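Everything below concerns the one structure shown next.
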Amino acid sequence: MGDTKHDYTIAVYPGSFDPVTFGHLDIIHRAANVFDKVIVAVLNNSKKNPLFSVEERTNLLKEVTRGVPNVEVDSFGDLLINYVSEKKAHVIVKGLRAISDFESEMQMASLNHKLNDKVETFFMMTNPQYSYLSSSIVKEIARYNGPISDLVPQEVEAALRIKYAEDRSR
């Protein structure tokens, strides 16, 4: 057990959130019940080619979490562990959908702990009703105008419909 006790716990929930799904929101709400403050941090990954810009993803997250007072939405492009330290957080929250997620997440958690042993990673199992859900699946269904209202909030569905309508009109 470490000798550092935190009276106010700040957790960072990082991800690309391209777009945010009900699975992500499940983790956000549950983390908000456990930690004093949860910073949902949108990763600005230059290697990926996201559908939504960082600003669009950040705005969508702000819209769908506005009813959760201890949730803040931000973005970062640095190493996660540097961002966590900058925010004075001591916890990284990761959602796990399946065993297949665990191996790479365990590796990242070990690496982050090596880089800063004051930061702990908390794994939260996704609610079984969302275990199949991913942003890439949502985008694939939306691309072909399939039903996504059970997968994402209305604001996200509307944004996806607009995005793909623009693509089709080009």
Side-chain angles (χ1 to χ4, degrees), residues 1-48 50-138 152-153 156:
M1 199 65 193
D3 57 0
T4 314
K5 170 75 178 95
H6 307 287
D7 294 330
Y8 185 82
T9 311
I10 301 170
V12 172
Y13 177 35
S16 48
F17 305 104
D18 186 39
V20 60
T21 69
F22 282 138
H24 294 129
L25 281 174
D26 175 54
I27 298 292
I28 291 167
H29 285 276
R30 287 168 47 214
N33 286 331
V34 175
F35 303 105
D36 296 309
K37 179 179 181 180
V38 176
I39 302 171
V40 181
V42 177
L43 173 61
N44 184 1
N45 185 343
S46 56
K47 286 183 289 209
K48 285 191 174 182
L51 179 64
F52 292 100
S53 70
V54 170
E55 186 180 10
E56 288 170 321
R57 288 179 275 156
T58 302
N59 288 338
L60 281 170
L61 274 158
K62 284 178 181 174
E63 275 185 61
V64 300
T65 61
R66 68 179 169 268
V68 192
N70 61 331
V71 168
E72 176 185 308
V73 178
D74 194 16
S75 63
F76 72 104
D78 193 3
L79 271 180
L80 174 59
I81 204 71
N82 292 347
Y83 177 79
V84 168
S85 297
E86 176 190 311
K87 291 296 179 180
K88 298 185 178 18
H90 298 94
V91 175
I92 297 169
V93 172
K94 291 299 201 116
L96 296 177
R97 287 180 300 233
I99 292 290
S100 54
D101 290 344
F102 185 75
E103 195 170 357
S104 63
E105 292 296 353
M106 174 77 175
Q107 192 176 19
M108 288 298 294
S110 298
L111 184 60
N112 284 331
H113 195 263
K114 182 171 177 38
L115 294 172
N116 183 342
D117 64 3
K118 305 255 185 296
V119 175
E120 295 293 339
T121 299
F122 276 66
F123 294 114
M124 297 185 94
M125 296 308 300
T126 300
N127 184 318
Q129 78 184 87
Y130 304 123
S131 62
Y132 62 88
L133 187 53
S134 71
S135 295
S136 48
I137 286 171
V138 167
V152 296
V156 176

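Along the sequence shown, the residues carry numbers beginning at 1. What you see is a predicted model; the values in this text were computed from it and never measured.
Using a 4.5 Å heavy-atom threshold, the side chains of R57 and S16 count as touching. The side-chain heavy atoms of N70 and D36, taken from C-beta on, include no pair separated by under 4.5 Å. At a threshold of 4.5 Å between non-hydrogen side-chain atoms, the residues L43 and F76 count as touching. T65 places a side-chain heavy atom less than 4.5 Å from the side chain of L25. Taking the side chain as every heavy atom from C-beta outward, H90 and E120 never approach each other to under 4.5 Å. You'll find the side chain of N112 reaches within 4.5 Å of the side chain of I92, heavy atoms only. V38 is not listed as a side-chain neighbour of V68, based on a closest heavy-atom distance of 4.5 Å or more. The shortest distance between side-chain heavy atoms of K37 and K87 does not fall below 4.5 Å.
For the residue pair F22 and L133, the shortest heavy atom distance occurs at N-CD2, 4.1 Å. The shortest non-hydrogen separation linking R97 to S134 is NH1-CB, 3.3 Å. Looking at every heavy atom in both residues, G95 comes nearest to T126 through C-OG1, 4.4 Å. Nearest heavy-atom pair, K94 versus T121, reported as atom, atom and distance to 0.1 Å: CG-CG2, 4.0 Å. The two residues V119 and H113 come nearest to each other via the heavy atoms O-CD2, 3.4 Å. Taking all atoms of both residues into account, the shortest heavy-atom contact from V93 to I27 is CG1-CG2, 3.9 Å.
Using cut-offs of 30° and 60° on the angle between ring planes, the pair F17 and H24 is perpendicular.
Within 6.0 Å of CD on E86 lie more than 12 heavy atoms contributed by other residues, nucleotides or ligands. Shown here is M125, whose CE atom has more than 12 heavy atoms of other residues, nucleotides or ligands within 6.0 Å. In M124, the CE atom is crowded: over 12 heavy atoms of neighbouring residues, nucleotides or ligands sit closer than 6.0 Å.
The distance from the OH atom of Y83 to the CG atom of D78 is 10.5 Å, given to the nearest 0.5 Å. Put simply, CG on N59 and CD on E56 are 8.0 Å apart, with the number rounded to the nearest 0.5 Å. Note that NZ of K88 and NZ of K118 are 14.5 Å apart. Values are rounded to the nearest 0.5 Å. Expressed to the nearest 0.5 Å, how far CD of E103 lies from CE of M108 amounts to 14.0 Å. In this structure, the separation between CG on L79 and CG on L115 is 7.0 Å, given to the nearest 0.5 Å.
A donor-acceptor contact shorter than 3.5 Å links the side chain of D18 to the backbone of L51. Of the possible polar contacts, none joining the N116 side chain to the I81 backbone as a donor-acceptor pair under 3.5 Å is found.
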### Task
Quick one: do L80 and V12 satisfy side chain to side chain contact (heavy atoms under 4.5 Å, CB included)? Show the steps, please.
CA-CA 9 Å; L80 174 59; V12 172; 4.2 Å; yes

